[in-house]
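Note sheet for the following structure.
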2 protein chains.
Amino acid sequence: MATINDVAKLAGVGIGSVSRVINGKGSVSEKTKLIINKAIKDLNYKPNNSARSLVSKKFNTIGIWGTESAGTFNSSTLKLIDHELISHGKHCLITNGDLSSKENPNAAINSVDDLISKGCDGIIFWGTDISNFDIAYIEKYFPNIVLLNNKIESIEHKCFYYDHYKAGYSAGQHLLDKGHTKIACITGDFRTEDGRTRHEGFLDSLNDKGIVINPELIVEGNYSFIKGQEGVLHLINTNHEFTAIFCGNDQTAMAAISTLSSNGYSVPNDISIIGYDDNSIASFLSPPLSTVRVPFDNMALAAVRSLLNKCYNMELSLENNFPVELVQRESVKNLINN
Amino acid sequence: MATINDVAKLAGVGIGSVSRVINGKGSVSEKTKLIINKAIKDLNYKPNNSARSLVSKKFNTIGIWGTESAGTFNSSTLKLIDHELISHGKHCLITNGDLSSKENPNAAINSVDDLISKGCDGIIFWGTDISNFDIAYIEKYFPNIVLLNNKIESIEHKCFYYDHYKAGYSAGQHLLDKGHTKIACITGDFRTEDGRTRHEGFLDSLNDKGIVINPELIVEGNYSFIKGQEGVLHLINTNHEFTAIFCGNDQTAMAAISTLSSNGYSVPNDISIIGYDDNSIASFLSPPLSTVRVPFDNMALAAVRSLLNKCYNMELSLENNFPVELVQRESVKNLINN
DNA sequence: GATTAAAATGGAAGCGCTTCCAATTATAAA
DNA sequence: TTTATAATTGGAAGCGCTTCCATTTTAATC
């Protein structure tokens with residue numbers, strides 16, 4: 001592998017000039033620039049990043065800390081992030097937090113320290129699988145961070161998230177608009193903030209119309225297919241009547257649809273389903289799923305850009321408002337005759 | 001950030017000893033080891049990876065070159081790879097080849113060079129979206145590579161792939177076993193090798209029983225939902241009778257099921273569907289999809305491990321046989337009365 | 001206690017780069 | 001032409017580490 005010395009020697013110049021050409025700063029005459037570029041090409045010279053980072057303290061790399069449940073490893077959003085980074089000449093170093101969460105209490109911090117010492121200029125924390133406490137601790141000595149789909153009051157300007165409450169609310173509203181009043185739901189995990197918040201929003205939308213949901217029609221899930229399946233089974237075995245189910249996420253909705261139809265119920269004729277996320281499958285289900293679209297990609301893009309700006313003094317534009325949108329497809333029946 | 005000098009000073013030893021402790025090689029007395037470790041902890045010292053790499057030429061990082069269509073950014077397999085790397089203290093540097101493929105002809109190579117100069121000890125090439133020619137070229141100057149789900153004769157020992165032919169064959173066989181003889185198919189893209197091969201295997205399974213498929217019942221797809229939808233629509237508008245469709249992948253099968261049912265056909269009562277991949281959705285479809293399970297995870301694990309062995313002189317065990325398996329669920333009707 | 005071999009230790013050299021400054025060269029003004 | 005100023009240039013220093021070797025310390029043996 002050719003080094004900067006080789007280039008300098010071949011071009012008959014000093015290493016300083018070569019460095020100036022590579023980095024495009026400092027003054028070099030057009031003539032020597034030409035000579036140096038030729039030498040670079042002839043030697044197929046590529047600057048050694050370790051040496052560069054050692055001196056400059058810049059790594060041109062952004063770390064991503066995420067977990068499976070954050071969707072990090074199962075989402076086109078990762079692609080989008082990577083795309084944005086690469087198009088600015090940066091790299092993407094990934095760490096899966098799942099590994100650490102099992103182990104000792106400091107495991108999350110350790111895995112982050114690992115990421116830092118490996119060399120990245122900033123970190124995107126994706127999801128809520130790391131405690132606020134840990135993040136706050138890390139942020140003290142490594143401030144170039146950004147939270148995606150998570151929110152911590154003390155560093156709110158570094159957070160990119162949407163309003164779970166509003167999202168839940170709009171799901172409920174849609175059901176109401178279509179004339180449903182007897183509504184069941186299969187929620188997310190109530191131990192998580194977002195699980196609670198989206199459910200609250202949902203309940204409040206009903207409350208605001210004076211509708212109170214039968215507590216027996218609320219079953220707690222955890223976003224998994226299997227819990228969705230169990231939830232539906234439980235609901236259809238209860239004796240309470242309902243015409244619609246609000247599912248805590250699309251995965252749950254998927255489970256609901258398939259479980260209902262294999263138990264002889266038709267969606268939406270017998271029971272309507274509304275999901276939450278608008279994941280990549282939602283429109284492909286049968287029937288296509290009405291759901292709340294969460295602006296994941298917009299948030300992700302803004303998060304990366306904000307970090308890019310901070311780490312590399314860039315000035316990329318970024319959104320800071322991430323409205324949720326109700327996507328009406330065919331899984332909710334209109335009960336209102338007009 | 002504390003450096004090795006700080007540690008040496010605090011511990012009252014030479015930097016050589018500190019280095020020996022960090023790397024666990026060379027001899028250091030238990031007593032000084034203790035002192036040094038305390039200093040390391042007190043200073044919260046983390047070795048600087050750039051400096052280490054600069055000297056040692058090791059990066060403790062494996063690059064992944066993949067594209068969206070390879071599933072790199074949409075698959076739990078990535079998580080598995082990352083997991084394996086991290087549990088051996090290595091990192092995972094990702095590059096999305098999609099970006100490059102659009103641009104100039106050398107874009108793929110450039111993006112790989114980028115990965116190399118950024119610093120990785122080996123690269124996993126995931127999928128077939130980079131030409132054999134390019135890979136062969138890269139392998140010459142950067143031999144620590146491994147191909148996942150791809151095969152190039154000249155470096156077959158670096159390739160981890162399965163038998164598309166057999167997979168296609170077994171799909172056909174299953175349909176035959178269930179008594180289907182009038183079979184349609186919606187294939188993959190015939191411009192790709194795997195698209196062709198799995199189709200060949202499928203046709204041969206029929207041929208071997210003396211069954212010839214009606215050419216009008218073969219429609220070329222490209223693994224996308226939309227093409228699957230179009231394909232089904234085309235098939236049901238044709239006047240030729242068929243009882244089953246072999247879909248080139250599960251995505252296509254998903255499209256087929258949803259399109260058929262929204263056109264009044266019942267799966268599997270009217271038409272049977274068999275898929276290919278056994279992706280994460282397959283078992284959740286309604287009806288649950290019978291499909292050919294492709295051993296992605298096994299291949300990926302073997303690929304990573306093989307690379308780990310090569311790059312770091314490890315001796316991890318690895319599978320080298322990746323049999324395909326038919327997963328029978330409920331989307332294929334049994335036509336044989338017994 | 002003396003001798004020898006083995007273990008432990010300190011630190012210089014050097015990895016490839018950026019940055020800085022002193023020295024040189026070109027350019028403009030007088 | 002001379003002088004002042006700006007642009008260009010070379011290369012030493014130093015980033016934090018590993019590796020090597022010369023030196024010192026320890027342990028083992030007589």
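So you know, we letter chains A, B, ... as the sequences are listed, proteins then strands, and number each from 1.
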Distance test, side-chain N/O of A:N23 to OP1/OP2 of C:dT18, below 4.0 Å: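 For A:N23, the contact criterion (side-chain N or O under 4.0 Å from OP1 or OP2 of C:dT18) is met.
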Take the protein atom [atom1] of [X] and the nucleotide atom [atom2] of [N], then report the distance between them rounded to whole Å.
X     : N      : atom1 : atom2 : value
A:I22 : C:dG16 : CD1   : C1'   : 10 Å
B:K25 : C:dA8  : NZ    : P     : 17 Å
A:N49 : C:dC17 : CG    : P     : 10 Å
A:D6  : C:dC15 : CG    : C1'   : 13 Å
A:N48 : D:dC17 : CG    : C1'   : 13 Å

Taking salt bridge (Lys or Arg N to Asp or Glu O under 4.0 Å) as the test, write out the residues that go with A:E315, two or more places apart. none
Residues which pass salt bridge (Lys or Arg N to Asp or Glu O under 4.0 Å) with A:K9, listed by chain and number, not counting sequence neighbours: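 By the salt bridge (Lys or Arg N to Asp or Glu O under 4.0 Å) rule, A:K9 matches no residue at all.
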Starting from the first five and the last five pairs of the helix from C:dG1-D:dC30 to C:dA30-D:dT1, work out the angle between the resulting helix axes, to 10 degrees. 30°
Using 30° and 60° as the class limits, which term best fits the ring planes of A:W65 and A:F125: parallel, tilted or perpendicular? tilted
[Y] side chain reached by [X] side chain, heavy atoms, under 4.5 Å:
X      : Y      : value
A:F322 : A:V294 : no
B:I123 : B:I64  : no
B:D189 : B:Y223 : no
A:T128 : A:D194 : yes

Do NZ/NE/NH1/NH2 and the carboxylate oxygens of B:E139 and B:K158 come within less than 4.0 Å? yes
Presence of salt bridge, A:K90 and A:E84, under 4.0 angstrom: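 Salt bridge absent between A:E84 and A:K90.
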Table of protein N/O atoms under 3.5 Å from nucleotides 26-29 of chain D N/O atoms:
none

Can you pull out the residues from residues 50-59 of chain B that lie within a 4.0 Å heavy-atom distance of DNA chain D? B:A51, B:R52, B:L54, B:V55
Are [X] and [Y] linked by a side-chain donor-acceptor pair shorter than 3.5 Å?
X      : Y      : value
B:S29  : B:T32  : yes
B:T61  : A:K118 : yes
A:Y312 : A:D121 : yes

Donor-acceptor under 3.5 Å (A:N23 side chain, A:S19 main chain): yes
Walk along nucleotides 7-12 of chain D from 5' to 3' and tag each nucleotide B, S or - by protein heavy-atom contact under 4.0 Å, base first, then sugar-phosphate. SBBBBB
